[in-house]
Amino acid sequence: MMNCTQRAEESIQATHYSFLATLEVLGKLSFSALAGGMVDTVGFPIAFILFLFLTSSSALHVWRATETGILKEQLKEQPQ
């Protein structure tokens, strides 16, 4: 978030960061409400496996993006 905010126009950086932080908190709150309902409905073991799959798939996506996608180009441009 900080890196994204630093690329925003200087006059709106504080607002930009606050907005992103608010979206992050709202996302966590909405997911926790849905996750609680899911655990109550399907049970803890099945919900745990589902969440493990979702976490693994997002980590795999980020790894592939750094190996083959646009993130590879961005990583090349950064000083070591």
Side-chain angles (χ1 to χ4, degrees):
M1 277 189 335
M2 186 64 80
N3 189 19
C4 182
T5 299
Q6 289 173 346
R7 286 187 259 148
E9 188 177 319
E10 190 170 331
S11 63
I12 62 164
Q13 284 182 349
T15 304
H16 190 264
Y17 185 82
S18 297
F19 180 70
L20 290 178
T22 302
L23 287 179
E24 178 186 7
V25 169
L26 289 175
K28 288 178 181 179
L29 285 173
S30 61
F31 179 76
S32 65
L34 292 173
M38 183 180 293
V39 169
D40 287 342
T41 303
V42 299
F44 182 75
I46 294 174
F48 181 80
I49 290 171
L50 176 66
F51 298 147
L52 184 66
F53 171 75
L54 290 172
T55 302
S56 301
S57 63
S58 64
L60 178 64
H61 175 71
V62 171
W63 177 74
R64 289 193 63 208
T66 58
E67 293 294 318
T68 61
I70 193 165
L71 289 178
K72 184 176 182 178
E73 298 298 322
Q74 290 177 355
L75 290 173
K76 282 182 184 177
E77 294 173 3
Q78 290 182 352
Q80 296 284 336

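In what follows, residues are counted from 1 in the order of the sequence shown.
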Taking every heavy atom of Gln13 against every heavy atom of Thr5, the minimum-distance pair comes out as O-CG2, 3.0 Å

For Phe51, enumerate each residue passing the ring pair (Phe, Tyr, Trp, His ring centres under 6.0 Å) test, keeping only those at least two apart in sequence or located in another chain.
Phe31

Separation between OG of Ser56 and CD1 of Ile49, rounded to the nearest 0.5 Å:
11.5 Å

At their closest point, which heavy atom of Gly37 faces which heavy atom of Thr41, and how far apart are they?
O-OG1, 2.8 Å

With Tyr17 via ring pair (Phe, Tyr, Trp, His ring centres under 6.0 Å) - residues at least two apart:
none

Are Phe19 and Met2 connected into the same hydrophobic cluster when the rule is that any two of I, L, V, M, F, W, Y join if their side-chain heavy atoms are below 4.5 Å apart?
no

Rounded to the nearest 0.5 Å, what's the gap from CG on Leu50 to CD1 on Ile46? Could you check?
9.5 Å

For the residue pair Met1 and Ala21, what are the closest heavy atoms and their distance?
SD-N, 3.8 Å

Nearest-0.5 Å distance that lies between atom OG1 in Thr15 and atom CG in Leu20:
11.0 Å

